[in-house]
Amino acid sequence: MIDVVIVGAGPNGLMLACELALSGVHPVVLERHATPTGEPRANGLVGQVVRLLDRRGLYARLSGESTPPTPQPAFTFGAFPLDLTMLAENPHYVLGVPQAQLEAGLAVRAAELGVDLRRGHEVVDLRQGPDGVEVHLADGTQLTSRFVVGADGGRSAVRRLAGIGFPGVTNDRSISRTATVTVPASSLDPETGGLRVPGLGVVTPFQHTRTARGLIAWAPFPGRPAILSTTEWPDTPANDETPMSLAEFRASVARVLGTDIPLGAPDGPGLLRRLTGQNTRIAARYRAGRVLLVGDAAHVHPAMGGPGLNLGLQDAVNLGWKLAATVRGWAPQGLLDTYDSERRPVAERVVMSTQAQSALIGPGDEITGLRELFAELLRKPEVTGHVAALMSGADIRYPADPADPADPLAGRCAPDVVVHTDHGVTRLAELTRTARPLLLDSTGAYAGIAAPWRDRVDVVTGPLEGTTAAALLIRPDCFIAWSAGDAATLRASLTHHFGLAR
């Protein structure tokens, strides 16, 4: 019997496969497409997930940089520029790699870890039993797995076959158009790379610019074709049966900006895409027996602020260690159910954020008045800090350990601690690449307490830099389970998160 079948070889499915493999579980990934589609989707990663990739050794691979990620000095919220330099602690990270490159990098890593990736296999039915799930494929073959995870997107077949509802709201009020384009050098601002627009000024790159007629975003990515996007709220919806042409896109840009700008097609293959409306939904449950959902299969929302991969990849890492512990037999009772209880509130906050941003970019004088008020608020560091934490996911706090509910650090993402060991100075990101639970002990007083869990918890001793805590127990997803207290609360936390000692 297969340990876990993952349906979908997008970033979330591949990340989950890597997490399971690191934890000693052997997943099979089924992908209905015979080859990677290469379809342009997300243009990068935004938020705390960038730090998470660093903590799995993937940031350097994807970015080509040898140094750790650093926070970005600016971002955007609802077409407002966010000045993040005013923050004492900036939580916002960006990794500008397109989704196709991310998928390719994760596929390579999955192969290194021995993941069985099978392309050209479409799931058409699931039948759950007391000990496993029968997975029926379109070619008539059948697999049996202890668990099945749907990572197959917003139109998830796994979600439908498992009988999981997908409540939410769909509307067709807006039309978004995106295209890869070329523009003459005379239309570019030499200092910023922004678009020069007569009568409007410069459209700042990698920001959303709202006009009285719509929204526009200009993304001149280095080394690849620039992407231009518009959003409008027309009186009548577009005909989605007709493919979008470059002429239609030029007309949309002219309407939003109030003037024509010279746009040409890219030198090679390009993107011309039209999307009508917005879809905001969260699965009624993330688990139905032995079937679970991650990423877009569990939630869909507007793309404002680019939170999709930040949310989905952290779903995968949260689920990975809990599912592996269940398969391997050391999971404490109810651990797998905490995947839903921890990640659903995060999805709900992302939905709130994207809906708020969608409202702020809308047309009308009332929205303009609201934006004037928001602009005043965002000049306050405490407001910008709150928004930055929301967008990056730095404000996530999972429920604290019942053994010590007053623990001030439990449930929060671990800081970038540095440990001074006998073998030298080591970053936390270098200690978490195995995806194992980790106890950092600055005094040596706690290492012996964790010794009975040595088969699943690593212990590193040495002075800690970057935290005031004398010791930290860190979950595989890099969230803190416990910070230094007495021996009894550490034993209770080890048992609560990682099962009975052997």
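The figures here come from the full heavy-atom set of this structure, side chains too, leaving out hydrogens, waters and symmetry mates.
To the nearest 0.5 angstrom, Thr70 atom OG1 is 12.5 Å from His92 atom NE2. Here the straight-line distance linking atom CZ of Arg436 with atom CG of Leu438 works out to 9.5 Å at 0.5 Å rounding. Rounding to the nearest 0.5 angstrom, the gap separating the OH atom in Tyr286 from the CG atom in Asp337 is 14.0 Å. Once rounded to the nearest 0.5 Å, the distance linking CG of Leu113 with SG of Cys18 reads 5.5 Å. With values rounded to the nearest 0.5 angstrom, Tyr446 atom OH is found 8.0 Å from Leu490 atom CG. Separation of atoms CG (Leu102) and CG (Leu309) is listed at 6.0 Å; rounding is to 0.5 Å.
With hydrogens and angles disregarded, a donor-acceptor distance shorter than 3.5 Å links the side chain of His121 to the backbone of Arg119. A donor-acceptor pair under 3.5 Å is formed between the side chain of Arg344 and the backbone N or O of Ala283. Of the possible donor and acceptor atoms, one in the side chain of Ser358 sits under 3.5 Å from a partner among the backbone N and O of Thr354. The closest donor-acceptor contact from the side chain of Glu465 to the backbone of Val425 lies at 3.5 Å or more, if one exists at all. Counting only distance, with no hydrogens or angles, the side chain of Asp152 and the backbone of Ala157 share a donor-acceptor pair below 3.5 Å. For Arg56 (side chain) and Thr432 (main-chain N/O), a donor-acceptor pair under 3.5 Å exists by modelled atom type. At distances below 3.5 Å, at least one donor-acceptor pair connects side-chain atoms of Arg343 with backbone N or O atoms of Leu311. A donor-acceptor distance shorter than 3.5 angstrom exists from the side chain of Thr180 to the backbone of Leu271, with no hydrogens or angles considered. A donor-acceptor pair under 3.5 Å is absent between the side-chain atoms of Asp407 and the main chain of Trp482, judged by distance alone. Judged by distance alone, the side chain of Arg290 and the main-chain N or O of Arg146 form a donor-acceptor pair under 3.5 Å.
Counted by atom type alone, Asn310 and Gln314 present one or more donor-acceptor pairs between their side chains at under 3.5 Å. No side-chain donor-acceptor contact under 3.5 Å links Asp441 and Thr461. Neither side chain, Ser176 nor Arg273, offers a donor N or O lying under 3.5 Å from an acceptor on the other.
A salt bridge links Asp416 with Arg51: the distance from a Lys NZ or Arg NE/NH1/NH2 to an Asp or Glu carboxylate oxygen falls below 4.0 Å.
Note on ring orientation: taking the six-membered ring where Trp is involved, the planes of Phe479 and Tyr398 are tilted (angle from 30° to 60°).
Heavy atoms only, all atoms of each residue included: Val459 and Ala447 are closest at CG1-CB, 3.7 Å. Contact detail for Asp139 and Thr141: the closest heavy-atom pair is OD1-OG1, 2.6 Å.
The cationic atom of Arg159 (NZ for Lys, CZ for Arg) lies less than 6.0 Å from the six-membered ring centre of Phe166 and within 45° of the ring axis.
Residues Val149 and Leu319 have side chains in contact (heavy-atom distance under 4.5 Å, counting atoms from C-beta outward). Annotation: side chain of Val46 is in contact with side chain of Phe75 (closest heavy-atom distance under 4.5 Å). A heavy-atom distance below 4.5 Å is found between the side chains of Asp125 and Leu161.
Under the 6.0 Å cut-off for aromatic ring centres, Phe206 and Phe221 qualify, their centroids lying closer than that.
When each of Gln357, Arg349, Gln48 is tested with Met391 by the rule side chain to side chain contact (heavy atoms under 4.5 Å, CB included), just one qualifies, namely Gln357.
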Sequence neighbours excluded and cut-off under 3.5 Å, please list the side-chain donor-acceptor pairs for residues 23-34, or say none.
| unit_1 | atom_1 | unit_2 | atom_2 | d |
| --- | --- | --- | --- | --- |
| Ser23 | OG | Glu19 | O | 3.2 |
| Glu31 | OE1 | Ala9 | N | 2.8 |
| Glu31 | OE2 | His33 | N | 3.1 |

Donor-acceptor contacts, no H, no angles, side chain residues 495-502, under 3.5 Å, sequence neighbours left out:
| unit_1 | atom_1 | unit_2 | atom_2 | d |
| --- | --- | --- | --- | --- |
| Thr495 | OG1 | Arg491 | O | 3.0 |
| His497 | ND1 | Ser493 | O | 3.1 |
| His497 | ND1 | Ser493 | OG | 3.3 |

Determine all donor-acceptor pairs shorter than 3.5 Å in which one atom belongs to a side chain in residues 296-307; sequence neighbours excluded.
| unit_1 | atom_1 | unit_2 | atom_2 | d |
| --- | --- | --- | --- | --- |
| His299 | ND1 | Gly295 | O | 3.3 |
| His299 | NE2 | Gly295 | O | 3.4 |
| His299 | NE2 | Asp315 | OD2 | 2.6 |

